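All remarks here apply to the structure that follows.
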Amino acid sequence: MKRLLLLICIAFAVVPAGAQRIFSLDDCIQTGLERNYSIRIIRNEQQVSDNNATPGNAGYLPTVDLSGGFSGSVNNNNNKLSDGTTEKINGVNNETADVGLNVNWTVFDGLGIQATYDRLKELKNLGELNTRMTIEDFVADLSSEYYNLIRQKIRLRNLRSTLDLSRERLRIVEERYYIGSMSRLDLQQAQVDFNADSSNVLNQLEQVHTSRIRLNQLMALDDVEEQVQIKDSLITPNPLLDEVELWKSTLSSNSSLLIAKKNQVISELDYKKIRSRNYPYVKLNAGYGYTANWYEVGATDLQRRLGLNYGVTVGINVFDGFNRKREQRNARIQIENQELRTREMELALRANMSNFWMAYRNNLDLWSLEKENLVAAQENYRIAIDRYKLGDLSGIELREAQNSLLEAEERQSIAEYSTKICEISLLQLSGQIMNMFHD
């Protein structure tokens with residue numbers, strides 16, 4: 001008995017390892033947005049998309065190459081002259097050196113360059129949407145865990161309160177047992193119930209620890225076991241959400257739907273890029289360079305040239321084995337598929353909205369009902385403990401009243417938490433998840 005009481009005292013004690021930081025929900029979110037690894041990775045990927053969306057990457061700008069080279073040859077010459085004689089010269093060494101600047105520029109390719117540039121810009125926008133969706137998912141996960149930690153702490157308080165009630169009952173039974181007004185069976189039953197409540201408290205401490213570690217992990221704290229404290233101790237759902245406004249916001253702001261529409265635009269640009277091959281192309285080229293040639297035989301020892309060369313190329317692909325037609329047909333199919341995916345996404349969002357809204361309203365009603373039930377359960381227990389102290393109620397009946405109180409507290413806590421989770425899901429679905437923390 002003494003060992004058990006010592007264990008409970010240790011469980012109740014709070015011995016901080018150092019200064020504890022207090023985090024509000026906003027603090028948790030801001031910390032996570034700065035430190036969470038998934039957020040940092042998706043932001044780096046977005047930066048890659050931003051870097052790629054340039055006119056040069058699309059082909060708008062010319063390419064300029066500076067090159068130089070040196071080459072030589074050693075030959076054995078055997079020349080037959082017009083008078084019938086033969087001239088032989090061995091080891092003739094000729095050398096050439098050149099340096100030049102060359103410019104190439106595709107000025108028209110059937111609007112393919114424009115389509116490529118537009119596609120790169122849409123990919124940049126898609127990267128921003130992917131970042132936004134990742135952030136919204138993260139905020140929803142972190143918020144859910146924040147409120148889960150509150151719920152687990154509320155449950156821990158309820159279990160500790162139940163343990164206090166069991167301790168008081170055990171004290172009363174012990175006093176009456178020693179004066180002979182209660183049996184050994186009553187004492188053992190009170191001890192069993194006290195031990196069971198003690199076990200529940202210890203198990204709940206583990207649940208609180210797990211939730212706190214998960215919250216620290218989401219925030220990517222350096223010490224995942226840091227004893228952070230959260231500012232809130234109660235869960236207060238918002239009962240004022242409007243389904244019509246949420247659905248309007250979903251159609252205009254839902255990240256997944258916006259990504260589906262953006263992919264549809266990209267498919268149309270892919271089709272435009274393929275169609276550009278039906279038109280002619282125009283390319284310009286120019287160069288300016290210096291060339292020197294050294295000869296060991298002949299009338300010229302050194303020949304040097306410095307000059308400009310330029311040109312224009314106009315062409316069109318006449319036949320490519322019907323590949324363009326095949327690619328255009330496939331591109332049109334991809335456009336149709338993206339349209340179907342967008343409609344499918346809208347339907348899925350409508351279904352999710354309906355389900356979450358039903359759960360939200362139902363849990364609000366449950367929350368209201370369980371608050372009334374809790375008041376009744378508290379009054380019932382007060383009457384029961386008074387009757388028990390007067391000897392007008394058995395220990396089993398008192399235990400039933402005690403369990404009824406704990407169950408009422410648990411049901412109210414679950415209703416509060418479930419309503420808040422539905423609220424978070426609805427706000428995430430409608431693209432408003434970031435607004436709820438800055439009202």
Side-chain angles (χ1 to χ4, degrees), residues 44-75 93-128 130 262-295 298 300-335:
N44 286 339
E45 292 176 352
Q46 177 188 337
Q47 187 62 47
V48 172
S49 300
D50 294 346
N51 294 339
N52 287 336
T54 64
N57 192 30
Y60 265 117
L61 304 180
T63 61
V64 180
D65 296 313
L66 178 64
S67 61
F70 177 83
S71 62
S73 64
V74 178
N75 299 305
N93 184 21
N94 297 321
E95 296 177 337
T96 301
D98 64 86
V99 60
L101 189 69
N102 298 297
V103 179
N104 295 281
W105 190 12
T106 301
V107 295
F108 182 77
D109 70 342
L111 303 180
I113 295 175
Q114 292 87 334
T116 300
Y117 188 40
D118 290 341
R119 188 179 190 277
L120 290 173
K121 289 189 289 186
E122 293 299 332
L123 288 174
K124 175 184 175 181
N125 296 333
L126 183 62
E128 294 173 354
N130 285 326
K262 191 64 63 178
N263 283 326
Q264 183 176 337
V265 174
I266 292 174
S267 295
E268 293 170 354
L269 291 172
D270 289 337
Y271 177 68
K272 184 177 179 181
K273 172 67 176 178
I274 295 172
R275 278 181 55 84
S276 69
R277 291 161 55 189
N278 294 335
Y279 300 95
Y281 57 84
V282 179
K283 298 181 180 180
L284 302 180
N285 61 83
Y288 188 81
Y290 171 81
T291 303
N293 295 310
W294 289 269
Y295 306 101
T300 303
D301 292 334
L302 173 63
Q303 183 182 51
R304 291 178 291 184
R305 294 188 298 275
L306 178 65
L308 173 69
N309 62 82
Y310 52 87
V312 59
T313 302
V314 179
I316 187 172
N317 184 275
V318 179
F319 180 74
D320 67 347
F322 302 110
N323 286 322
R324 275 177 297 169
K325 289 186 176 181
R326 173 182 56 79
E327 292 174 4
Q328 289 176 20
R329 287 194 298 268
N330 291 341
R332 285 193 293 267
I333 293 173
Q334 289 300 322
I335 293 175

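Being a predicted model, the structure only gives us computed values, none of them experimental.
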Open item on the list: Quick check against the 3.5 Å criterion: does Asn57 have a side-chain atom that pairs as donor or acceptor with the backbone of Ala53?
Closed with: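 No, because the side chain of Asn57 does not come within donor-acceptor range (under 3.5 Å) of the backbone of Ala53.
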Open item on the list: Tell me whether Arg324 contacts the main-chain N or O of Ser276 through its side chain, where contact means a donor paired with an acceptor under 3.5 Å.
Closed with: no
Surrounding [atom1] of [X] (heavy atoms of other residues, nucleotides or ligands, distance under 6.0 Å), is the total greater than 12?
X	atom1	result
Phe70	CZ	yes
Phe319	CZ	yes
Tyr290	OH	yes
Trp294	CH2	yes

How long is the gap from [atom1] on [X] to [atom2] on [Y], to the nearest 0.5 Å?
X	Y	atom1	atom2	value
Gln264	Leu269	CD	CG	11.0 Å
Glu122	Asp270	CD	CG	11.0 Å
Lys283	Asn285	NZ	CG	10.0 Å
Gln334	Ser267	CD	OG	6.0 Å
Ile266	Asp118	CD1	CG	11.0 Å
Thr96	Asn94	OG1	CG	7.5 Å

Flag for [Y]-[X]: side-chain donor and acceptor within less than 3.5 Å:
X	Y	result
Gln47	Asn51	yes
Arg305	Gln303	yes
Asn278	Arg275	no

- [ ] Kindly give the heavy-atom pair with the smallest separation between Lys124 and Asp50, and that separation in Å.
- [x] CG-OD1, 2.9 Å
TODO: Identify the two heavy atoms, one from Val312 and one from Leu284, that lie closest to each other, and give their separation to 0.1 Å.
DONE: CG2-CD2, 3.5 Å
TODO: Decide whether a cation-pi geometry holds between Lys273 and Tyr271; the criteria are a distance under 6.0 Å from NZ or CZ to the six-membered ring centre and an angle within 45° of the ring axis.
DONE: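 That pair does not qualify as a cation-pi contact.
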Open item on the list: Classify the ring geometry of Tyr117 against Tyr60: parallel below 30°, tilted from 30° to 60°, perpendicular beyond 60°.
Closed with: perpendicular
Task: Residues Arg277, Asp320: salt bridge by 4.0 Å N-O rule - done: yes
